[in-house]
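First up is the structure itself, then whatever we jot down about it.
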Amino acid sequence: MKTVLLIFGTRPEAIKMAPVVLRLKEAGIFRVKVAVTAQHRQMLDQVLEIFELRPDYDLNIMAPNQDLFDITSRVLLGLKPILKQEKPDLVLVHGDTTTTFAAALAAFYSQTPVGHVEAGLRTRDKHRPYPEELNRHLTGVIADYHFAPTPWARDNLLAEAIPPERIWITGNTVIDALFLVARRVQQEASHWIEYFARKHQVTFDGRSLLLVTGHRRENFGDGFQHICLALRDLAEQNDNLHIVYPVHLNPNVQRPVRQILGACLDTPSTSSANTHRSCISLLPPLDYAPFVYLLSRCHFVLTDSGGIQEEAPALGKPVLVMRDVTERPEGLWAGTVRLVGAQRQQITAAANELLTDPTCYQKMAQAANPYGNGQAAEKIVDILKTI
Ligand code: UD1
Ligand code: UDP
């Protein structure tokens with residue numbers, strides 16, 4: 001029996017690798033081992049719980065305000081004894097985090113073949129996003145098997161002289177995860193309405209719900225100042241708006257968000273006397289199921305996230321991306337995603353247009369899913385049976 005070792009460490013990797021772990025185990029012909037680096041601790045554990053994943057190894061590397069040196073060196077050294085002990089036939093990594101790159105490098109050092117899930121995304125600008133563009137590029141150089149989510153991603157790899165017989169178009173496993181959870185969430189709507197009211201004082205009272213997330217390193221500093229000021233502007237300029245923002249745990253995000261938005265705005269309870277008044281709710285990072293519920297209920301999304309650019313179009317939700325470039329152009333081509341940068345005026349103008357111009361909104365609010373049919377993990381497992 002071949003041993004497949006899956007290595008991941010952050011929230012998005014876990015969401016996107018969970019369907020692969022589950023399918024590999026279902027296949028019954030692999031020895032499946034999971035090592036988490038826990039580059040994220042709480043946000044990773046949230047995902048492990050919902051998909052009922054029990055890692056075989058947990059490096060538990062996260063430290064407050066860790067830097068790229070910390071993550072890379074801890075992952076590399078932490079994986080050494082595991083690779084020695086398990087002697088896997090294949091290591092699977094996902095995407096573009098520093099866990100991804102360091103795990104691929106560790107596998108290469110131990111002369112283990114590497115499969116890269118979500119291969120071939122590119123902006124061609126090594127500083128944007130930082131450090132993800134270089135992480136995925138370097139992982140692509142190391143990898144032996146490339147699972148590209150779309151034809152565009154495959155073409156990027158071909159342009160880098162990766163042999164075509166080593167590349168497969170599989171769809172993105174995020175759609176597998178989304179479909180799995182969205183089905184469940186839709187059947188439990190009353191539970192989630194009650195959950196948000198009780199746990200987060202968020203009610204679905206007819207105000208337009210604007211869902212916000214953000215965490216990109218290149219937006220730290222000025223970018224987050226601008227993003228927060230834009231959210232404040234939007235709440236002040238519009239009636240009937242409810243901005244719901246689950247705030248990433250990175251201290252570089254928490255600090256400006258709490259400073260700028262924490263004190264100055266109405267909460268839902270203080271604004272309830274005037275139901276037309278806009279308000280902002282700052283929430284902790286949400287478990288995947290309630291987050292998918294919010295995604296399905298929101299009017300549109302403001303984000304700099306990668307994964308949300310893939311999920312929201314599948315649910316027919318317009319996405320304003322607070323970045324200048326994206327490695328996921330398929331949403332732009334489909335017309336559901338727009339790049340608005342991280343400048344206060346541009347963010348406010350684009351969001352106001354969506355709030356006030358129904359034609360513009362309708363044009364973006366078409367369900368478009370360029371990322372697969374929810375069977376990406378199954379495809380990957382079928383391929384692994386043949387190599
Ligand atoms: C990381 C990835 C990024 C990915 C993002 C998804 C790198 C360099 N960055 O960015 O590619 O898009 O995750 O969210 O690989 N923290 C906690 N608890 C958690 C998670 C984070 O407290 O569960 C705090 C810690 O102080 C930690 C800090 O956030 O040191 C930064 O975490 P880190 O993984 O280095 O960077 P992210 O911004 O989360
Ligand atoms: N997500 C979540 N809870 C939240 C915010 C996001 O479960 O409070 C999910 C989201 O649905 C997506 C993933 O986390 O699947 C995206 O993670 P993030 O934006 O942190 O990373 P990126 O995709 O940019 O690497």
Side-chain angles (χ1 to χ4, degrees), residues 8-19 36-51 60-72 74-75 93-103 118 121 129-136 139 172-178 180-182 185 200 211-220 224 244-255 281-296 298 301-312 314-315 317 319 321-323 326-328 371:
F8 49 90
T10 66
R11 169 173 68 191
E13 293 165 81
I15 290 171
K16 292 168 166 184
M17 279 297 235
V36 294
T37 64
Q39 174 179 331
H40 285 174
R41 184 69 277 169
Q42 302 89 326
M43 286 159 56
L44 172 77
D45 291 344
Q46 287 180 307
V47 184
L48 297 178
E49 199 180 318
I50 183 169
F51 288 104
N60 198 24
I61 65 159
M62 196 193 86
N65 223 355
Q66 62 206 0
D67 65 25
L68 302 175
F69 296 89
D70 299 326
I71 305 169
T72 308
R74 288 188 195 133
V75 170
V93 296
H94 178 280
D96 56 19
T97 71
T98 298
T99 283
T100 312
F101 163 60
E118 200 182 84
L121 279 60
Y130 173 86
E132 291 82 5
E133 178 69 6
L134 206 64
N135 281 342
R136 54 185 167 237
T139 304
N172 197 308
T173 56
V174 78
I175 301 296
D176 305 27
L178 178 69
L180 218 87
V181 171
V185 161
H200 300 296
L211 180 57
V212 182
T213 79
H215 68 83
R216 294 253 87 87
R217 270 174 158 76
E218 65 270 26
N219 281 341
F220 289 173
F224 271 96
V244 178
Y245 183 174
V247 187
H248 194 288
L249 291 179
N250 194 318
N252 298 297
V253 179
Q254 288 277 335
R255 219 177 301 115
S281 300
L282 300 180
L283 310 187
L286 294 170
D287 289 353
Y288 191 48
F291 187 78
V292 169
Y293 183 72
L294 275 192
L295 206 52
S296 71
C298 75
V301 189
L302 256 176
T303 188
D304 64 14
S305 162
I308 296 168
Q309 289 179 60
E310 296 156 341
E311 293 162 330
L315 299 174
K317 301 298 175 177
V319 187
V321 178
M322 299 182 287
R323 296 170 51 187
T326 181
E327 57 291 311
R328 294 164 166 91
Y371 298 108

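Order of listing sets the numbers, starting from 1, for every ligand and every atom in it. Nothing fancy with the numbering, it's 1 onward along the sequence.
- Pairing each heavy atom of Arg255 with each of Asn65, the nearest pair is NH2-ND2, 4.4 Å.
- Here the closest heavy-atom approach between residue Pro246 and residue Leu286 is recorded as CG-CD1, 3.9 Å.
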Salt bridge (charged side-chain N to carboxylate O under 4.0 Å, His left out) between Glu132 and Arg216, worked out | CA-CA 10 Å; Glu132 291 82 5; Arg216 294 253 87 87; 3.2 Å; yes
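- Taking the salt bridge (Lys or Arg N to Asp or Glu O under 4.0 Å) definition, one finds that Glu13 meets it with nothing, sequence neighbours left out.
- Contacts of ligand 1 (protein heavy-atom distance under 4.0 Å) are Thr10, Pro12, Gln39, His40, Arg41, Gln42, Met43, Met62, Ala63, Pro64, Asn65, Gln66, Leu68, Ile71, Thr97, Thr98, Pro131, Glu132, His215, Arg216, Arg217, His248, Leu249, Asn250, Pro251.
- Under the side chain to side chain contact (heavy atoms under 4.5 Å, CB included) criterion, Ala177 pairs with Ile15, Pro19, Phe51, Tyr288, not counting sequence neighbours.
- Here the OG1-CD1 distance, from Thr37 to Ile71, works out to 8.5 Å after rounding to the nearest 0.5 Å.
- At a 4.0 Å heavy-atom cut-off, the residues surrounding ligand 2 are Arg11, Pro12, Ile15, His215, Arg216, Pro246, Pro285, Leu286, Tyr288, Phe291, Ser305, Gly306, Gly307, Ile308, Glu311, listed by chain and number.
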Full working for side-chain contact (heavy atoms from CB on, under 4.5 Å) between Leu283 and Phe291: CA-CA 11 Å; Leu283 310 187; Phe291 187 78; over 6 Å; no
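- With Gln39 as the partner, the side-chain contact (heavy atoms from CB on, under 4.5 Å) test is satisfied by one option alone out of Asn60, Thr99, Thr100, Leu44: Thr99.
- Taking both residues in full, the closest heavy atoms of Gln46 and Pro285 are given as NE2-O, 3.0 Å, listed atom of the first, atom of the second, then distance.
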